[in-house]
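Structure first, then comments.
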Protein chains: 2
Amino acid sequence: MSVTIRDVAKHANLSITTVSRALDGYADVAVSTRERVIALAKQMGYAPSSAARQMRRQRTDTIGFVISSLRRDDDSRPFADPFISEFVAGLGDEATHQNIDLLVSVASPNENETNIYRRWVLGRRVDGLIVNRLRERDPRIALLRENNMPFVASGRSDDITSYPFIEMDTQTGFSLITQHLAAQGCKRIAFIGARPDLRLQQDRYLGYLAGLQAAGLSPSPELVEVGDLTRQGGYQAGLRLLVKTPRPDAILGINDMTALGAMRAANDLGLQIGQDIAIAGFDDIDDAQHTQPALTTLRQPVYDIARQLVQMLLDLLRDPTQAPKQIMLQPELKVRASSKFLNPK
Amino acid sequence: MSVTIRDVAKHANLSITTVSRALDGYADVAVSTRERVIALAKQMGYAPSSAARQMRRQRTDTIGFVISSLRRDDDSRPFADPFISEFVAGLGDEATHQNIDLLVSVASPNENETNIYRRWVLGRRVDGLIVNRLRERDPRIALLRENNMPFVASGRSDDITSYPFIEMDTQTGFSLITQHLAAQGCKRIAFIGARPDLRLQQDRYLGYLAGLQAAGLSPSPELVEVGDLTRQGGYQAGLRLLVKTPRPDAILGINDMTALGAMRAANDLGLQIGQDIAIAGFDDIDDAQHTQPALTTLRQPVYDIARQLVQMLLDLLRDPTQAPKQIMLQPELKVRASSKFLNPK
DNA sequence: AAGCTAAACCAAAACGTTTTGGATGGGGGG
DNA sequence: CCCCCCATCCAAAACGTTTTGGTTTAGCTT
């Protein structure tokens, strides 16, 4: 049906070998021949079949990323996760830039996630994978290791030997932002976290505790609530916190979406954010600077991280024996109006 | 290196034919054999090589989507486009659900976009494509047609015969929302549009004009500004509009991001939105209901559209001769606080 | 003139499946 | 006892490349 290298060879009165090598720019084909072949191929609309090429080369020139959606069934708004979309943008941009393809899949955490990984890994559908939001004793990592499929991670799991990753020093970051809140005069700083099996929950919570300690404040269990990284979860956790007496005078969200939800909760209860209560988040998503008041947060260069992850993965594919590059980045504190606190009692 | 069907056949003392047919559930292999093969394959960690399968079947079980980023170089925030991320989420979810893969690429409109399409189409990298944000006389459509690569579109181009699409009746929608603004008492309703070669600009602008006419208002060129579908573009166009005298008493954005930018502009100029000026958008992105005040807009079920597009594409792949399904959806008016107008002069 | 080298080309194998068109053997019907 | 049929299995071809290990020819050296 569509034009193959054989057709081009026939039209050029050459062997398919020569056509192949001409198009690939080998030196053992005459310049005149090469030019003729290239022109003919273009004119005939020939491009090598990716399947055949993959098969022969044992390489797909494709990397994969599985979005583990943590959406719950009752959530009417799937995937409204700016973190993920910025991450995917970075992956896509860099992949395109490096002339490889990006295969994407969306999985609910338990159901089909493993199936997708299994199919991609065993079927050699991709050359390597990007993995994020690692969990403790992550079964995905185990699968990838067993079948020695190259991968890089954003964030790390428990066993960090043997694979490259980029990680934000969220623990230090959360300590800093907690201290910033304390420096505004806040005494009862609440924290809205996430499921405890998420690695990021542990790091960030520890950072929060460290920040409290550094500021000379003592932690209190009733100032800690569990959300689910979404705005909705932040809203509900925020309401739960704000009806307590004495009321918290600051809320630190595990991510910006959670913080935005908490802002809305405070708003609904008639509180003036940046006056009656300070609120801060983590990520610095696009919205953070566009809320009223703008959200104090820790900037995480998600887009750049994603791009660099792709580069690291490609490096790894080129030389699988190299020592895994492991990078730790410091988040940058972005102080905005939401973390002011003007009414100490 | 990794386990092939030949290895499984050897271990099972069977031909590769029989193993293949056993795994595919053909009737001409004994039940006992099938079970034995399936168990063995699982135990050995066998899954068919996708490249070999693609090659033999002449089918990839993959669909593609190229994100045409309309980001400008000076924009520090790439891809912060909720519309696109929700769209990709829908595509990904449905593709996973239908057991096919989604190949994604990011392209700047002119540069490499055509290259990606060419590579995917000529190299039979995908079975079909999803195309959105069509342009007039869209070169992508021409390429796809020439190489008869199946595709479905969201929104339509000039020549709508022969391919399936889903389209919002944006023209009627913009007429309605313009009339809604007029019904609030607004007399000078401004419009922030986009590049005139975008199909959506034409439809929406015409709808705006129709709405003005229906409300008995006459259009004025100085009430129309050009943005670029981003918040930033909306902000700047908003500023340009709001310093004019007499000032517009309503701003209609071509999409929500534009409207959000305009809201920010109004805010910066000290105007009370929903009081001194009415503002409305189009899309109903997640943020629209979370701004202060919440944004009046027309709801476009992006996620559902994306899912349905995937289904339409798969239908087309199954039966390429069928008449193209072409669907027109009515957007739903979501009246919120931003479109109130309390200070008629 | 024979031998050698380099330039240009090519036949065939291999990648791992699926599918086509049988082959084989045992049991039942005549 | 022979034939046929059904159940079960399989050899080989094909999918479209890339790569290996050549061959051929012309020109140059001695």
Side-chain angles (χ1 to χ4, degrees), chain A residues 1-38 40-41 44-62 101 119-127 147, chain B residues 1-38 40-41 44-62 101 119-127 147:
Chain A
M1 176 168 124
S2 76
V3 39
T4 77
I5 198 175
R6 187 160 279 111
D7 302 326
V8 179
K10 201 160 291 175
H11 266 74
N13 265 325
L14 288 170
S15 73
I16 58 175
T17 305
T18 305
V19 173
S20 173
R21 298 183 75 88
L23 293 175
D24 269 15
Y26 278 71
D28 69 350
V29 24
V31 177
S32 60
T33 316
R34 182 190 358 272
E35 282 167 355
R36 191 162 56 94
V37 168
I38 290 177
L40 187 60
M44 295 177 68
Y46 168 77
S49 146
S50 83
R53 172 174 276 195
Q54 282 176 37
M55 170 123 180
R56 170 66 221 211
R57 286 194 172 161
Q58 299 290 80
R59 172 158 59 90
T60 62
D61 292 314
T62 303
D101 287 324
R119 196 160 51 84
W120 281 6
V121 170
L122 299 182
R124 283 129 287 164
R125 189 75 225 268
V126 294
D127 294 339
N147 299 85
Chain B
M1 175 169 127
S2 77
V3 37
T4 76
I5 198 174
R6 188 161 278 111
D7 303 325
V8 179
K10 200 159 290 174
H11 267 74
N13 266 325
L14 287 170
S15 72
I16 58 174
T17 306
T18 305
V19 172
S20 173
R21 298 183 75 87
L23 293 174
D24 269 15
Y26 277 71
D28 69 349
V29 25
V31 177
S32 60
T33 315
R34 177 182 9 265
E35 282 167 355
R36 191 161 57 95
V37 168
I38 290 177
L40 187 61
M44 296 178 66
Y46 168 76
S49 145
S50 83
R53 172 174 275 193
Q54 283 177 39
M55 169 122 181
R56 171 65 221 210
R57 287 195 172 158
Q58 298 290 81
R59 172 159 59 90
T60 63
D61 291 313
T62 303
D101 287 325
R119 197 160 50 84
W120 282 5
V121 171
L122 299 182
R124 283 129 287 163
R125 191 72 224 267
V126 294
D127 294 339
N147 298 85

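Proteins get letters first, then strands, A, B, ... in listed order; numbering begins at 1 in each.
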Hey, is the side chain of [X] poking within less than 4.0 Å of OP1 or OP2 on [N], counting only N and O atoms?
| X | N | result |
| --- | --- | --- |
| B:Ser20 | C:dT18 | yes |
| B:Thr18 | D:dC9 | no |
| A:Arg57 | D:dT17 | no |
| A:Ser15 | C:dC10 | yes |
| A:Thr33 | C:dC9 | yes |
| B:Gln54 | C:dT18 | no |
| A:Tyr26 | D:dT19 | yes |
| B:Gln58 | D:dG16 | yes |

Identify whether any heavy atom of [X] sits under 4.0 Å from a base atom; if not, whether one sits that close to sugar-phosphate; answer base, sugar-phosphate or nothing.
| X | answer |
| --- | --- |
| A:Ile16 | base |
| A:Ser49 | sugar-phosphate |
| A:Thr4 | sugar-phosphate |

Subject >> Student check: side-chain heavy atoms of B:Leu40 and B:Tyr46 closer than 4.5 Å >> reply: no
Take the protein atom [atom1] of [X] and the nucleotide atom [atom2] of [N], then report the distance between them rounded to whole Å.
| X | N | atom1 | atom2 | result |
| --- | --- | --- | --- | --- |
| B:Arg21 | D:dA7 | CZ | C1' | 13 Å |
| B:Arg125 | D:dT17 | CZ | P | 14 Å |
| B:Arg53 | D:dT17 | CZ | C1' | 20 Å |
| A:Arg34 | C:dC9 | CZ | P | 10 Å |
| B:Arg6 | D:dA11 | CZ | P | 11 Å |
| A:Leu23 | D:dT18 | CG | P | 8 Å |
| B:Arg59 | D:dA14 | CZ | P | 21 Å |
| B:Met44 | C:dG16 | CE | P | 14 Å |

Do [X] and [Y] get their side chains close enough for a donor-acceptor pair, meaning under 3.5 Å?
| X | Y | answer |
| --- | --- | --- |
| A:Ser2 | B:Arg124 | yes |
| B:Arg21 | B:Ser15 | no |
| A:Thr62 | B:Arg125 | yes |

Subject >> Whichever of A:Met55 and A:Asp28 has its nearest DNA chain D nucleotide further upstream toward 5' >> reply: A:Met55
**OP:** State whether the distance check finds a donor on one side and an acceptor on the other, under 3.5 Å, for side chain A:Arg56 versus base D:dT18.
**Re:** yes
Subject >> Under 3.5 Å donor-acceptor pair, A:Thr17 side-chain atoms to D:dT18 base atoms >> reply: no
Original post:
Does CZ in B:Arg57 sit with more than 12 non-hydrogen atoms of other residues, nucleotides or ligands closer than 6.0 Å?
Top reply: yes
Subject >> Spacing of A:Ile16 atom CD1 and A:Thr4 atom OG1 [to the nearest 0.5 Å] >> reply: 8.5 Å
